[in-house]
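What follows is a single structure, written as structure tokens, with notes after it.
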Amino acid sequence: MSTRKSYTQIHADLLARYPEGVTPSGIAIDEIAQLKIQNTYATHLDIAKEMASVMREDMAAYDADPNRSTQSLGCWSGFHAQQMIKSVKRLRGTTKGAYVYLSGWMVAGLRNRFGHLPDQSMHEKTAVADLIEEIYVSLRQADEVALNDLFKELRSAREQGAGEVTINEIIARIDAFESHVVPIIADIDAGFGNEHATYLLAKELIKAGACCLQIENQVSDAKQCGHQDGKVTVPREDFIEKLRACRIAFEELGVDDGVIVARTDSLGAGLTQKIPVSQQAGDLSAEYIKWLKTEEITDINRASENELVLIRDGKTVRPERLANGLFKFQEGTGRARVIEDCVASLTQGGADLLWIETDTPDVAEIAGMVNEIRKVVPTAKLTYNNSPSFNWTLNLRKQVRADWLEAGKISETDYPAGAELMSADFDETELGLEADARLRRFQVDISTQAGVFHNLITLPTFHMTAKATDDLARGYFGDDKMFAYVNTIQREEIRRGISAVKHQHEVGSDLGDTFKEMVSGDRALKAGGHNNTMNQFGSAAE
């Protein structure tokens, strides 16, 4: 993805400066060429600029063919992100279409100084920017390690007198090297304050490397996880101002292609903090106010002291208000509010992508809303949260059961209707197998049928770490002892070609040896000698 010069170009430029092939301090120009190529990006702002272009290209490709959707996993450390992208590269031979998602939930739960906290914007503002920077440091180090291995191969070939064809083939692989650096979609929550606070934080995230910001339409000081109750939305004008704040941050920093994801939580949000001021019929405020839950007052003189009343459709009405001052929306209006939110975000807020937070994974539900949005904005497309908050097994089995009942394929008594469907007893039944088949194609279906450009899982590495640690601990502290580690981890690392099995190499010990040789020559004290236990793994996972 990087636009760096080729090895041949860099070597020629250096040779023009140092005709003797070495610098005045005795460093070979080939070694400088290696370092220049390993330094795949000068700054993280350069990453943001280039990755924004990558996302724009991917979005255009999706518009042309909805089978060309993209994916990411939420990562709470640079190492998680690095290993994910390395795995994708091993699997596909490319990182194309793979992103990193940075979840505010995981920053709150795992990466803040206040402890493990719920997703309520209680983590430090700087924590998100710090994690973005950490992720890109890790991805760039993966570049350095892999390129160093290629240059070691090149040096060895030259030392052994390999022919020009072999040497040129290695150089061609160096020049064709694809960076592990990929786009990050960064969760800025509800902006952590007013529109100016949103702008200031957005700049920090962009400077750390974020090419894409995801922001939600909840109240920033009452922010809740999208899959919890008690969500409070803001009027659409307020949200549009925060979208504009993000856009200004991109523009100021020269990330002209920066991508903004406008998330609406209105499907599950039944409250608003304030009633906006409508200037004329049909404006954004009027369209927001019309969904308030109200009670008609037939005699204004009977209104209570300090009570708030509205004139709606020629009637005097009392908005229903909780003891904390929040106003309630009418039940069952979430879907309509979502559609209006999305249209406003795209047409007036300048958003590029949408995010609709749902309470179950239902392709038809998303498709129905997207089709309504596309009546106004034909190119509307989404990122979708394949959330661990869903009980996927139970939801999909219930969907299959409902579909088969409607089609007359089964009767009410063939399968239970409730939580019993989660039982392992149904794993190998026709219904269980069909639900699993739908799970395998869920992302394809939602991308081709419901306008989802990007599928992400917000918290997979949180749950993966919990389960993998439990697997190891149960065996290691149980009867299996050391066999638990070898059987569940090391053998699989070796047999799958996971490079982290050579953990010293993974964190740069060979990089350090190479640099020591560059500056110290024969005096270099290297770690990778005969007694390095990593040699026991031979060429595994290189």
Side-chain angles (χ1 to χ4, degrees), residues 71-81 84 99-135 183-193 198 201-202 204-205 208 210 212-234 242 246 260-269 353-361 382-392 395 452 454-469:
Q71 296 170 285
S72 67
L73 295 175
C75 296
W76 57 272
S77 78
F79 185 71
H80 284 103
M84 177 190 74
Y99 300 170
V100 175
Y101 179 66
L102 192 157
S103 161
W105 191 104
M106 286 205 287
V107 173
L110 300 167
R111 294 298 302 257
N112 77 84
R113 293 174 59 198
F114 303 151
H116 304 298
L117 294 175
D119 183 21
Q120 296 173 350
S121 291
M122 290 192 286
H123 52 282
E124 309 93 325
K125 293 182 181 182
T126 55
V128 179
D130 289 346
L131 181 51
I132 295 169
E133 186 168 1
E134 176 186 312
I135 288 171
I184 284 179
I185 299 176
D187 184 359
I188 195 172
D189 274 27
F192 287 86
T198 301
L201 181 56
E204 294 306 306
L205 304 193
C212 178
L213 302 177
Q214 168 230 321
I215 187 167
E216 60 204 62
N217 69 337
Q218 290 193 49
V219 177
S220 60
D221 62 350
K223 193 263 185 200
Q224 292 276 24
C225 173
H227 290 283
Q228 292 183 316
D229 202 1
K231 293 183 292 296
V232 184
T233 63
V234 297
K242 290 192 175 182
C246 292
I260 299 173
V261 180
R263 168 175 151 177
T264 173
D265 282 287
S266 291
L267 196 62
L353 295 169
L354 302 169
W355 174 318
I356 300 173
E357 195 76 338
T358 63
D359 55 0
T360 60
L382 282 68
T383 63
Y384 185 71
N385 178 10
N386 294 266
S387 176
S389 294
F390 302 146
N391 185 332
W392 285 84
N395 273 295
V452 173
H454 185 77
N455 277 285
L456 61 90
I457 307 178
T458 43
L459 318 176
T461 50
F462 173 91
H463 293 282
M464 174 198 71
T465 303
K467 181 187 179 297
T469 303

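Values below: every heavy atom of this structure, side chains too, minus hydrogens, waters and symmetry copies.
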- Message: For G191, is there any backbone N or O sitting under 3.5 Å from a side-chain donor or acceptor partner on D189?
- Response: no

- Query: Quick one: does N386's side chain get under 4.5 Å of P361's, heavy atoms only?
  - Reply: no

- Identify the heavy atoms of Y99 and S72 that sit nearest to each other, and give their distance. O-CB, 3.2 Å

- Query: OG/S77 to CG/L131 distance, rounded to the nearest 0.5 angstrom?
  - Reply: 7.5 Å

- Quick one: does N217's side chain have a donor or acceptor within less than 3.5 Å of a partner on D265's backbone? yes

- Apply the test side chain to side chain contact (heavy atoms under 4.5 Å, CB included) to residues L459 and M106: give CA-CA distance (whole Å), side-chain angles for both, the deciding distance (0.1 Å), then the verdict. CA-CA 7 Å; L459 318 176; M106 286 205 287; 3.6 Å; yes

- Query: So, for A269 and T233, which heavy atoms are closest and what is the spacing to 0.1 Å?
  - Reply: CB-CG2, 3.6 Å

- Message: Apply side chain to side chain contact (heavy atoms under 4.5 Å, CB included) to residues W105 and D187 and explain how you reach the verdict.
- Response: CA-CA 9 Å; W105 191 104; D187 184 359; 6.0 Å; no

- Give the C-alpha distance, both sets of side-chain angles, the deciding distance and a yes or no for side chain to side chain contact (heavy atoms under 4.5 Å, CB included) between H80 and T465. CA-CA 10 Å; H80 284 103; T465 303; 3.3 Å; yes

- Is there a donor-acceptor pair under 3.5 Å between the side chain of E134 and the backbone N or O of G78? yes

- Query: Roughly how far, to the nearest 0.5 Å, is the OG1 atom of T461 from the CG atom of L110?
  - Reply: 8.0 Å

- Distance col, row T383:OG1 vs Q214:CD, nearest 0.5 angstrom, shows 6.5 Å

- Query: Roughly how far apart are I188 CD1 and E204 CD, rounded to 0.5 Å?
  - Reply: 10.5 Å

- Item | Under 3.5 Å: donor-acceptor pair, side chain of T360, backbone of F390 | no

- Query: What heavy-atom pair brings A202 and L213 nearest, and what distance separates the two atoms?
  - Reply: CB-CD1, 3.6 Å

- Task: Find the distance between NE2 (H463) and CD1 (I457) and round it off to the nearest 0.5 Å.
- Result: 10.0 Å

- Message: Tell me whether R111 contacts the main-chain N or O of W76 through its side chain, where contact means a donor paired with an acceptor under 3.5 Å.
- Response: yes

- Task: Describe, in one word, how the ring planes of W355 and Y101 are oriented to each other, choosing from parallel (under 30°), tilted (30 to 60°) and perpendicular (over 60°).
- Result: tilted

- In short, C75 meets I135 closest at the heavy-atom pair O-CD1, 4.4 Å

- Closest non-hydrogen atoms of Y384 and T358, given as atom of the first, atom of the second and distance, are OH-OG1, 2.7 Å

- Note on the structure: Minimal heavy-atom distance between L456 and T458, with the atoms involved, is CD1-CG2, 3.6 Å

- Message: What's the separation between atom CG in L205 and atom CD1 in I132, rounded to the nearest 0.5 Å?
- Response: 4.5 Å

- Item | K231 side-chain N/O to Q218 backbone N/O, donor-acceptor pair under 3.5 Å | no

